[in-house]
S.K.: 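This is the structure I want to talk about, given as C-alpha cells.
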Amino acid sequence: MAGDRVPPRGGRGGGPPWLLSARAPARQPGSAPWRARMCIRDRWDPEAFGRLSERIARFLGTGRFIVWMTIVIIMWVLWNIFAPRDLRFDNYPFIFLTLMLSLQASYAAPLILLAQNRQDDRDRVNLEQDRKASERSIADTEYLTREIASLRIGLGEVATRDWIRSELQDLVKELEERRDGHVVFPAERSHGRDVDDR
C-alpha cells in the first residue's frame with residue numbers, strides 16, 4: 001500500500017545522507033517548532049552575569065583600580081612621548097587613549113547600574129523580611145501583653161500567702177478560745193439559734 005512505503009535509507013525523501021541530516025524533521029501537529037541551532041538564550045545565565053557585574057563594580061570602586069588606571073595612563077603617555085617614533089602607537093593628543101577611557105567608562109556605568117539594581121532588589125527583599133519579622137514581633141508582644149493582663153486579673157482572685165496565713169491565725173485563735181473558754185463559733189451559734197426557734 002502507498003501508506004506503508006518505507007522512506008529511502010538516507011531519511012525522509014531522497015538525497016544524500018549529509019544533506020538530509022541538516023534538514024529539519026517533519027513537524028507533528030501541535031508540536032513545538034524545531035530549532036536548527038541552540039539559541040544563545042538557552043545558555044544565558046542572568047545570575048552569573050549579575051554576579052560578574054557586581055564583582056567588576058566592586059573592583060571599580062576600590063583605590064587599587066584607581067592606582068592601576070593611573071599607572072597605565074602614565075606609562076601610556078610616557079611611552080608615546082619618549083619611545084622611538086617607530087614604536088609609538090598613540091601620538092599626542094593621545095586620541096586612542098581617550099577612546100579607550102571612553103570605552104571603559106561606557107562599560108563601567110551600566111555595570112555599576114546593574115550592580116546597584118541587584119543591590120536594590122536585595123534591599124527590598126530584606127526590608128520585606130524585616131517588615132514581616134517586625135509584624136510577628138508586634139503580634140507576639142500584643143499576645144504576651146494580653147496574657148500578662150489576664151494573669152494579673154487571675155492573681156487578684158487567688159489567695160495570697162499572707163491572706164492564708166492571717167486566716168489560719170484567726171482560726172487558731174478561735175480554736176484556742178473555744179478550748180479555753182468554751183466559746184461557740186459563729187456558725188454554731190446560728191445553728192443553735194435555728195434549733196431553739198424550732
S.K.: What pairs with Phe94 under ring-ring contact (aromatic ring centres under 6.0 Å, His included), at least two apart in sequence or on another chain?
M.R.: Tyr92
S.K.: Less than 3.5 Å apart, which donor and acceptor atoms pair up between the side chains of residues 74-84 and the rest of the protein, not counting sequence neighbours?
M.R.:
{"unit_1": "Trp76", "atom_1": "NE1", "unit_2": "Asp90", "atom_2": "OD2", "d": "3.0"}
{"unit_1": "Trp79", "atom_1": "NE1", "unit_2": "Leu87", "atom_2": "O", "d": "3.1"}
{"unit_1": "Asn80", "atom_1": "OD1", "unit_2": "Phe89", "atom_2": "N", "d": "3.1"}
{"unit_1": "Asn80", "atom_1": "OD1", "unit_2": "Asp90", "atom_2": "N", "d": "2.8"}
{"unit_1": "Asn80", "atom_1": "ND2", "unit_2": "Trp76", "atom_2": "O", "d": "2.8"}

S.K.: Hey, is CZ on Phe65 packed in by over 12 heavy atoms from elsewhere, all under 6.0 Å?
M.R.: yes
S.K.: Salt-bridge test for Arg124 and Asp121: reply yes if a basic N is under 4.0 Å from a carboxylate O, no otherwise.
M.R.: yes
S.K.: Could you work out, with salt bridge (Lys or Arg N to Asp or Glu O under 4.0 Å) as the rule, every residue matching Arg131, not counting sequence neighbours?
M.R.: Glu128, Glu135
S.K.: What side-chain donor-acceptor pairs closer than 3.5 Å can you find for residues 103-112, not counting sequence neighbours?
M.R.:
{"unit_1": "Ser106", "atom_1": "OG", "unit_2": "Ser102", "atom_2": "O", "d": "3.3"}
{"unit_1": "Ser106", "atom_1": "OG", "unit_2": "Leu103", "atom_2": "O", "d": "2.7"}

S.K.: Can Gln129 and Asn126 be said to form a side chain to side chain contact (heavy atoms under 4.5 Å, CB included), step by step?
M.R.: CA-CA 5 Å; Gln129 290 176 350; Asn126 290 335; 3.9 Å; yes
S.K.: With a 4.5 Å cut-off on side-chain heavy-atom distances among I, L, V, M, F, W and Y, is there a chain of contacts connecting Leu113 to Leu60?
M.R.: no
S.K.: For the atom pair CD (Glu177) and CD (Glu174), what is the distance rounded to the nearest 0.5 Å?
M.R.: 7.0 Å
S.K.: Is atom CZ of Arg88 surrounded by more than 12 heavy atoms (other residues, nucleotides or ligands) closer than 6.0 Å?
M.R.: yes
S.K.: Spell out, yes or no, whether Ile56 and Trp68 are grouped together once hydrophobic residues are joined by side-chain heavy atoms under 4.5 Å, including indirect joins.
M.R.: no
S.K.: Do Gln119 and Asp123 have side-chain atoms, one donor and one acceptor, less than 3.5 Å apart?
M.R.: yes
S.K.: Just verifying a value: how many Å separate Thr98 OG1 and Met100 CE, rounded to the nearest 0.5 Å?
M.R.: 11.5 Å
S.K.: Glu147: which residues meet the salt bridge (Lys or Arg N to Asp or Glu O under 4.0 Å) condition with it, sequence neighbours left out?
M.R.: none
S.K.: Report, one line per pair, each donor and acceptor closer than 3.5 Å where one atom sits in a side chain of residues 164-171; sequence neighbours left out.
M.R.:
{"unit_1": "Ser166", "atom_1": "OG", "unit_2": "Asp162", "atom_2": "O", "d": "3.4"}
{"unit_1": "Ser166", "atom_1": "OG", "unit_2": "Trp163", "atom_2": "O", "d": "2.7"}

S.K.: Against Thr70, only a single residue in Ile66, Val72, Ile73 fulfils side-chain contact (heavy atoms from CB on, under 4.5 Å); can you say which?
M.R.: Ile66
